[in-house]
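Excluded from the calculations below are hydrogen atoms, water molecules and symmetry mates; all remaining heavy atoms, backbone and side chain alike, are included. Reminder, nothing fancy here: chain letters follow the sequence lines and each chain counts from 1.
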Amino acid sequence: MVTAPLSPAKPRANAPRPDPAALLAWYDRHRRALPWRALPGQAADPYRVWLSEIMLQQTTVRAVKPYFERFLALFPTVDLLAAAPAEDVMKAWAGLGYYSRARNLHACAQAVAAEHGGRFPASEVGLRALPGIGAYTAAAIASIAFDQRAIVVDGNVERVVTRLFTVEQALPKAKPLIRDLADGLTPDARPGDFAQAMMDLGATICTPKSPACGLCPWREPCQARIEGTQESYPRKEKKSGGALRFGAAFVAVRDDDTVLLRTRPPKGLLGGMTEPPGTAWSTDFDPDEALGLAPLKADWRRCIGVVDHTFTHFPLRLTVFRADVPAETPAPEGCRWMPIATLDGEALPTVMRKAVALGLGG
DNA sequence: AATCCGTGGGA
DNA sequence: TTCCCAAGGAT
């Protein structure tokens, strides 16, 4: 708990202190039904909570739902996930993004299986030591799955808290202050429900744009609403996007209806994922010089159009070349021929799926 | 501590 | 179109 009164960025002239009980009462009436969420009064399954929390990192509920269901069907328990081949995990994750999460997910499952007897640690410290589990996720699992008081601060909580207290400091510098303010709000009872209530509030009421303040259980104590400045919080430093990079991808199609693919290096961008052979990406790449970099000698034809894709930190434009080659053509070093019919099951990230699609279509 | 790391949807 | 955003973590 907070021992000394914290000084918010602004004095709160008229706002009363937000009451956790009011939020919990709102949650009891309006909580979202989610596949990984236990029904009221029922115990949460740590495996489901963990799996969902990893998937939900920087990812929307809508995007996660089908992946969550698929993972649960494919890997019903943490032990089965631990025993599964890494390749199967990457294939199941393909399209969700942030692929280091999938590698860490697998490593975490193996650690839980081997070092914890297949049960997740119940403490924040124990959870924090596992791969892919940081401060947020450890607090979320400890509170939601094990009913322990923990300070859960995600993007939703940051938005709710900065509005409640009109925190003027910009993210990410404001994180320590936000955490202290969240600490002051977190009750001893029902910590898991409180954490989920904060996130539901942020997701459905206290939204980034056009928040539904009229429906908010904390509309009275919210300083930003009083001042009418809700949408200006949280303050953020704006970051600049990277420069456009160019590259080429080579889609070789063999007469036996297979495509040439390879696996990217385990770390870094799209680490461990599948792709057609291609060039490095750079800001000054010239597509006219790409043919010298093709993976095999063939009659390469440039496909009409390009693949445009935007990563978190830079936009990419891929020129795609296609060649049709005889069925006996051997795969170059580090590459393999894979049936077109089974491409859906490959660990192709979205950008590479686009490239292959353009190559096959053009 | 600042960067890197995906993707799809909405305004 | 362009920008921002979504239950962050690792280095």
Does [N] have its OP1 or OP2 closer than 4.0 Å to a side-chain nitrogen or oxygen of [X]?
X	N	value
Arg101(A)	dA10(C)	no
Thr59(A)	dA7(C)	no
Arg62(A)	dT7(B)	no

*Output field: ring centroids Phe246(A)/Trp281(A) closer than 6.0 Å*: no

*Kindly state whether the ring of Trp93(A) and the ring of Tyr67(A) have centres lying under 6.0 angstrom apart.*
no

*asked:* Let me spell it out: for each of Thr207(A) and Gln57(A), pick the nucleotide of DNA chain C with the closest heavy atom. Which residue's pick is nearer the 5' end?
replied: Thr207(A)

*Where each residue is assigned the nucleotide of DNA chain C containing its nearest heavy atom, which of Arg37(A) and Gly132(A) is assigned the position nearer the 5′ end?*
Arg37(A)

*Geometric class of the Phe321(A)/Phe250(A) ring pair [parallel <30°, tilted 30-60°, perpendicular >60°]*: parallel

*When the ring planes of His309(A) and Phe311(A) are compared, do they come out parallel, tilted or perpendicular, using 30° and 60° as the limits?*
perpendicular

_Could you check whether any side-chain heavy atom of Phe314(A) comes within less than 4.5 Å of a side-chain heavy atom of Leu269(A), counting everything from C-beta outward?_
yes

*Name the closest nucleotide to the Arg128(A) side chain, picking from dA10(C), dG9(B), dA7(C).*
dA10(C)

*Which whole number of Å gives the distance between the C1' atom of dA6(C) and that of dG6(B)?*
12 Å

*When the P atoms of dA7(C) and dT3(B) are considered, how many whole Å apart are they?*
24 Å

*For DNA chain B, which residues in residues 93-100 of chain A have a heavy atom at a distance below 4.0 Å?*
Gly95(A), Leu96(A), Gly97(A), Tyr98(A), Tyr99(A)

*Hey, which sits more toward the 5' end of DNA chain B by its nearest nucleotide, Thr60(A) or Phe314(A)?*
Phe314(A)

*When the nearest nucleotide of DNA chain B is assigned to Lys173(A) and to Thr312(A) on a heavy-atom basis, which residue is associated with the more 5' position?*
Lys173(A)

*For the residue pair Thr137(A) and Gln57(A), confirm or rule out a side-chain donor-acceptor distance under 3.5 Å.*
yes

*Would Leu360(A) end up clustered with Trp337(A) when hydrophobic side chains under 4.5 Å apart are linked, directly or stepwise?*
no

*Is there a donor and acceptor pair closer than 3.5 Å between the side chain of Thr350(A) and the base of dG6(B)?*
no

*Quick one: the side chain of Arg32(A) and the base of dA7(C), do they pair up donor-acceptor inside 3.5 Å?*
yes

